[in-house]
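Report on one structure; see the data block that follows.
From a predicted model like this one, the values you see are computed outputs, not experimental measurements. Quick note on labels: first sequence line is chain A, next is B, and so on, each numbered from 1. No hydrogens, no waters, no symmetry mates; every other heavy atom, side chains included, goes into these values.
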Amino acid sequence: MRGSNFIRDIVEDDLRTNKYDGRVVTRFPPEPNGYLHIGHAKSICLNFGIAMENKGVTHLRFDDTNPSKEDVEYTEAIKRDVRWLGFDWGDKLFHASDYFEQFYEFAVQLIKDGRAYVDDLSSDEIREYRGTLKDPGRESPHRNRPVAENLDLFARMRAGEFPDGSRVLRAKIDMSSGNVNLRDPVIYRIKHETHHNTGDKWFIYPMYDFAHGLSDSIEKITHSICTLEFEDHRPLYDWYLDQLGVYHPQQIEFARLALTYTLMSKRKLLNLVEEGHVSGWDDPRMPTIAGLRRRGFTPEAIRDFCDRIGVAKRDSMVSVALLEHCQREDLNLRAPRVMAVLRPLKLVVDNYPEGQTEKLDAVNNPENPGSGTRKVPFSRVLYIERDDFREDPPKGFFRLAPGKEVRLKHAYYVTCQNIVKDNQTGEVIEVHCTYDSESRGGGTPDGRVVKGTLHWVSAVHAITATVRLYDYLFDKEDPEEGEDFRANLNPNSLETLTDCRLEPSLANAKPGDRYQFLRHGYFCVDQVDSAPGRPVFNRTVSLRDSWAKMQKVHATS
RNA sequence: UGGGGCGUCGUCAAGCGGUAAGACACGGGCCUUUGGAGCCCGCAUUCCCAGGUUCGAAUCCUGGCGCCCCAGCCA
């Protein structure tokens with residue numbers, strides 16, 4: 001059951017009063033000028049969610065009224081991402097550009113009604129004439145051109161007779177309005193540019209305010225849900241529809257998503273891509289749907305997240321920890337567990353017969369008994385995690401240390417007898433242990449307790465792989481803080497480990513497969529950089545680590 | 001004293017005149033062959049502030065204060 005919110009309340013009311021004959025038609029209207037991000041996911045879940053809950057439909061409509069910024073690469077990516085998130089627009093795929101001819105006719109109607117005029121002022125002049133937030137604007141000298149002249153000029157604008165920027169079509173509303181959007185807004189501008197959908201057919205392109213409401217009207221949208229910054233555009237949205245006397249949906253605004261440590265501005269994300277701070281729109285550190293997908297996030301977790309954050313009108317910044325929580329909760333139930341040693345340290349079981357190998361049973365997922373078991377090879381020489389051994393263990397460290405006994409997951413208890421150090425560096429390079437053959441499987445007849453359980457791999461059986469550990473792309477909660485967001489880039493957002501040793505079952509991991517690396521976190525086989533037999537793993541999100549937290553507290557106090 | 005919005009726990013967020021849901025985070029405990037997961041407990045005597053109405057106010061009224069958005073031929 002999804003949480004209620006003020007928009008759902010409005011829809012419910014409208015259904016009760018039969019305002020739209022019981023119809024619920026929403027739309028998701030991206031401009032194809034960049035990739036979709038987690039903020040769009042909020043809007044997608046809201047729009048598709050409300051429609052689905054009320055037996056309605058949601059249109060996917062490209063708001064493609066500005067050919068200078070848009071590209072088919074983006075339309076394809078957007079469709080892929082919406083679909084991946086789990087939503088279906090059926091045959092309701094539209095483009096604002098599909099309606100250009102109708103928009104033109106509507107504009108002509110406005111001119112005929114004396115509600116629009118062609119203005120010859122330059123953009124600088126228009127800005128000057130617009131006034132300021134405190135002072136009213138002045139009327140353009142062309143404001144009262146005869147209808148016939150306007151009609152002629154507008155037709156010639158369409159015909160491509162005038163250069164870019166030389167004229168615009170404006171609505172005749174109120175140059176002294178406190179709402180700047182109503183000071184004779186531009187309806188059409190001249191752009192001699194190829195459009196990704198209409199080609200070279202048009203030399204004039206409608207502005208958002210004009211095109212958006214009319215698109216909604218043409219498609220008989222009931223609830224046109226958008227973000228807060230369009231709130232003071234609503235009077236204009238209403239004005240166009242009322243002047244033209246056409247079907248009138250209602251615009252409702254909600255607060256866009258802001259996430260800690262995350263940049264959501266499409267313009268700035270594009271900048272990161274163009275300047276190479278990330279590998280592309282789908283870099284696993286990007287908040288884009290494509291990036292999250294590649295990182296290993298699931299549509300289920302993202303949808304759950306969107307359900308939990310709610311929908312309201314107040315500006316807010318959601319903690320990215322919630323997204324991570326949703327992802328862990330989802331993957332905990334379904335990700336197979338596997339052993340991976342990220343920073344290998346050799347461990348030799350001195351009393352284990354040389355050349356012997358046994359296949360031990362390992363549970364695939366304790367949270368899901370139906371997921372079965374697999375065999376993991378054990379032998380005399382193993383690798384364990386460097387962090388799991390300390391020559392001088394601090395208080396509370398219950399992993400391996402000289403003289404200490406630990407359990408090797410799924411295998412045996414081992415006790416550290418001695419260590420081998422590098423003569424030069426003094427670094428521990430080998431740990432020598434003895435094992436208790438009675439402890440096979442992880443328990444002993446005497447029932448003695450060991451506090452630590454370590455993951456491990458057999459040296460000769462393990463496969464070598466690259467594992468990428470990701471951290472936040474920015475090291476400030478609010479990446480926009482300061483004068484240049486790029487100064488907040490986290491230099492340690494990516495750590496690539498190339499000598500990781502993984503249990504052999506991972507040799508057949510397929511791109512997109514997700515696992516829990518025991519005691520580390522959830523990892524996903526990279527879809528781009530992996531090759532057959534040579535998988536690259538991306539860390540989606542780490543496991544909660546209370547030991548690390550303890551260490552951190554001690555370090556800072 | 002241009003216009004439009006918004007102010008409820010550290011962060012989101014319910015609440016719609018009947019006496020502050022939930023989630024994340026955080027703290028403590030239990031349990032554990034992942035220091036994972038799970039379980040239990042705690043966590044706003046108070047809702048930006050000040051008045052007022054009312055038997056009763058986070059909810060209604062008045063006045064302040066604070067924050068966000070708008071001066072693209074972007075969306």
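For B/U19, there is no paired base (Watson-Crick or G-U wobble, both distances below 3.5 Å). The partner of B/A13 is absent, by the rule that a Watson-Crick or G-U pair needs both atom distances under 3.5 Å. Using the Watson-Crick or G-U wobble rule with both distances under 3.5 Å, B/C67 pairs with B/G5. Shown here, B/C31 forms no base pair; nothing in the strands shown gives a Watson-Crick or G-U wobble contact with both key distances under 3.5 Å. Across the strands present, B/U54 finds no partner; the criterion is a Watson-Crick or G-U wobble pair with both atom distances under 3.5 angstrom. Pairing partner, B/A25: none, since no Watson-Crick or wobble contact has both distances short of 3.5 Å.
Summarising the geometry, the separation between CG on A/N5 and P on B/C6 is reported as 15 Å, rounded to the nearest angstrom. Atoms CZ (A/F389) and P (B/G35) sit 18 Å apart, rounded to a whole Å. Separating the NE2 atom of A/H95 from the P atom of B/A75 is a distance of 16 Å, rounded to the nearest angstrom. Rounded to an integer number of Å, the gap from A/M317 CE to B/C67 P is 16 Å.
A/E367 comes within 4.0 angstrom of a base, heavy atoms only. At a threshold of 4.0 angstrom between heavy atoms, the contacts of A/Q516 include nucleobase atoms, whether or not backbone atoms are also involved. A/H410 comes within contact range of at least one nucleobase, with a heavy-atom separation under 4.0 Å. Within 4.0 Å of A/L133, counting heavy atoms only, lies at least one base atom of the nucleic acid. As judged by a 4.0 angstrom heavy-atom cut-off over every strand, A/R130 is placed among residues touching the sugar-phosphate backbone only. Using a 4.0 Å heavy-atom distance criterion, A/H233 is classed as a base contact. Contact annotation for A/L121: base contact, defined as any heavy-atom pair under 4.0 Å involving a base atom. Among the protein residues, A/F230 comes within range of the nucleic acid bases, having at least one heavy atom under 4.0 Å from a base atom. Residue-level contact check: A/R267 touches neither bases nor backbone, having no heavy atom under 4.0 Å from any strand. At a threshold of 4.0 angstrom between heavy atoms, the contacts of A/F6 with the nucleic acid are absent. Nucleic acid contact class of A/R407 (heavy atoms, under 4.0 Å, all strands): base. A/T65 comes within 4.0 angstrom of sugar-phosphate atoms only, judged by non-hydrogen atoms across all strands, and of no base. In this structure, A/I126 reaches the bases: a heavy-atom distance under 4.0 Å links it to at least one base atom across the strands shown. The residue A/V311 sits close only to the backbone: its heavy atoms come under 4.0 Å of sugar-phosphate atoms, none of a base.
Nearest to the side chain of A/R127, among B/G72, B/C16, B/U34, sits B/G72. For A/P366, whose side chain is taken as the heavy atoms from C-beta onward, the closest listed nucleotide among B/G36, B/G72, B/C12 is B/G36. Between B/A75, B/C6, B/G35, one nucleotide has an atom nearer to the side chain of A/Y208 than all others, and that is B/A75.
For A/R399 against B/G35, a side-chain N or O and a base N or O form a donor-acceptor pair under 3.5 Å.
Surrounding NZ of A/K451 are at most 12 heavy atoms belonging to other residues, nucleotides or ligands under 6.0 Å away.
Taking 90° from 0 as the syn/anti boundary, the base of B/G64 is oriented anti.
In this structure the side chain of A/F100 never reaches within 4.5 angstrom of the side chain of A/I204, judged on heavy atoms. Contact check for A/F474 versus A/L263: side-chain heavy atoms found under the 4.5 Å cut-off.
The distance between the ring centers of A/F517 and A/Y522 does not fall below 6.0 angstrom.
For B/U53 and B/A58, the P atoms lie 16 Å apart once the distance is rounded to whole Å. Distance check on atom P: B/A50 versus B/C65 gives 15 Å, rounded to whole Å. Remark: the separation of the P atoms in B/C6 and B/U45 is 26 Å, to the nearest Å. Between B/A71 and B/A37, the two P atoms lie 47 Å apart (nearest whole Å). The gap from the P atom of B/U19 to that of B/C39 amounts to 30 Å, rounded to the nearest Å. On the P atoms, B/C9 is 14 Å away from B/A21, given to the nearest whole Å. Across B/C24 and B/G42, the matching P atoms stand 16 Å from one another, rounded to whole Å. B/G66 and B/C26 are spaced 27 Å apart, taking the C1' atom of each and rounding to whole Å.
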Report task. Give the C-alpha distance, both sets of side-chain angles, the deciding distance and a yes or no for side chain to side chain contact (heavy atoms under 4.5 Å, CB included) between A/E31 and A/N33. Result -> CA-CA 6 Å; A/E31 182 189 12; A/N33 67 344; 2.9 Å; yes
Requested in this report: Check the pair A/R448 / A/D436 against salt bridge (Lys or Arg N to Asp or Glu O under 4.0 Å), numbers first and verdict last.
Outcome: CA-CA 12 Å; A/R448 70 178 182 277; A/D436 176 354; 2.8 Å; yes
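Checked for salt-bridge contact, A/K375 and A/D361 meet the test: a charged N lies under 4.0 Å from a carboxylate O.
Residues that satisfy the side chain to side chain contact (heavy atoms under 4.5 Å, CB included) test with A/K191, not counting sequence neighbours, are A/N66, A/P67, A/S68, A/R189, A/E193, A/Y205.
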